[in-house]
Amino acid sequence: MVLILKDGTSDSNIMELVEYLDAYNVSVSVTKGEHTTILCLVGDTSSVSQESVQSFSFVEDIRRIQEPYKAANKKSHPEPTVVDINGVKIGGGNFQVIAGPCSVESEEQIIEVAKAVKASGATLMRGGAFKPRTSPYAFQGLRAEGIELLLEAKKETGMPIVTEIMSAAHLPLFDHVDVIQVGARNMQNFELLKVLGKQDKPILLKRGLANTIEEWLMSAEYIMSGGNKNIILCERGIRSFETATRNTLDLSAVTVLKEKTHLPVIVDPSHATGIVQYVEPLSLAAIAAGADGLIIEVHNNPQKALCDGPQSLTPEQFDNTMKKIKKLRRFMETEI
């Protein structure tokens, strides 16, 4: 349920209404716009009497949200959410590129790549410390040591870091990580999502291999219902019958999400395709579709990468791609 208040409603009136709604055991979030204040009620709102709420003279309109996701719904938060990562903003017209290797392999590797992607224009650094792999015999990442090496790269470059969590038990290791990534395999790990909902740092939530957009948004809802509103959605391709690429990149999800949610949406063309020569064209297509950012895999020696070398750009390839990204972004901003 969404309550739209009249222009000029005072803070004391807002608090009066919030206190009244507390009796219904619903969570109330307040969003203040330039001319309108909106109250979003999350929980079982069936017992909330519309007539009683309408009796407050400063309530202009009441709308019930039919979709099961409430906090993530654009109806409850018409203005786009801007996620601020130590001054680096994503969403609401703020476009960012996250880049780095699939996995952290050594100090030399991660710092070399971090410096290269920053020089090309990336604003956040990615790197896997914990690696979920299909085979138990594949490289599983450097784990705690990998996070320490990411932090060294952060010291060298000043770039915020993004890395994936696989278990709530690992959370203490992420104290100094700037963005916690939830991978495709953990999108519906609801106990993990509940724990992340209690954190005060941004969460990058990747779409599951075979999940609908609504299921994806419900996973975001798990995090948001715990109090953490800083969610970045990441489309990374879904499993289909097609075998020409690693996954099938669903760019339609970007436009659908822009209609349904206020959360920023980025695209991962590397995992979506699994093939290096497709990364650049789909990066540009994602921008044209309206994505708020990209997350691209870059490795200084893809042939010797311990994980996902075939989909990783070299620093030189990334630099060329970034030049086209910047050019397209300038063109779109001028035309729009």
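Here the structure is a predicted model, which means the values were calculated and not measured. No hydrogens, no waters, no symmetry mates; every other heavy atom, side chains included, goes into these values.
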Closer than 4.0 angstrom, basic N to acidic O: yes or no for [X] and [Y]?
X	Y	result
Glu152	Lys155	yes
Lys75	Glu67	yes
Arg207	Asp268	no
Asp250	Arg236	no
Arg126	Glu297	yes

Subject >> Selection residues 178-220 - residue pairs positive for ring pair (Phe, Tyr, Trp, His ring centres under 6.0 Å), sequence neighbours left out >> reply: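 Non-adjacent pairs meeting ring pair (Phe, Tyr, Trp, His ring centres under 6.0 Å): Phe190-Tyr222.
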
Would you say [X] has more than 12 foreign heavy atoms packed within less than 6.0 Å of its [atom1]?
X	atom1	result
Glu79	CD	no
Arg239	CZ	no
Arg329	CZ	yes
Lys115	NZ	no
Lys89	NZ	no

Original post:
For Tyr24, which residues count as a ring-ring contact (aromatic ring centres under 6.0 Å, His included) partner, sequence neighbours excluded?
Top reply: Tyr20

Using a 3.5 Å cut-off and no angle test, enumerate the donor-acceptor pairs between side-chain atoms of residues 277-293 and protein atoms at least two apart in sequence or in another chain.
from   : atom 1 : to     : atom 2 : distance (Å)
Glu280 : OE1    : Thr321 : OG1    : 3.0
Glu280 : OE2    : Lys324 : NZ     : 2.6
Ser283 : OG     : Val279 : O      : 2.7
Asp292 : OD1    : Lys258 : NZ     : 3.0
Asp292 : OD2    : Lys258 : NZ     : 2.5
Asp292 : OD2    : Val265 : N      : 2.9

Original post:
Run the side chain to side chain contact (heavy atoms under 4.5 Å, CB included) check on Lys131 and Cys307 step by step: do they pass?
Top reply: CA-CA 9 Å; Lys131 295 301 304 177; Cys307 178; 3.8 Å; yes

Original post:
Any side-chain heavy atom of Leu124 sitting closer than 4.5 Å to one from Val88?
Top reply: yes

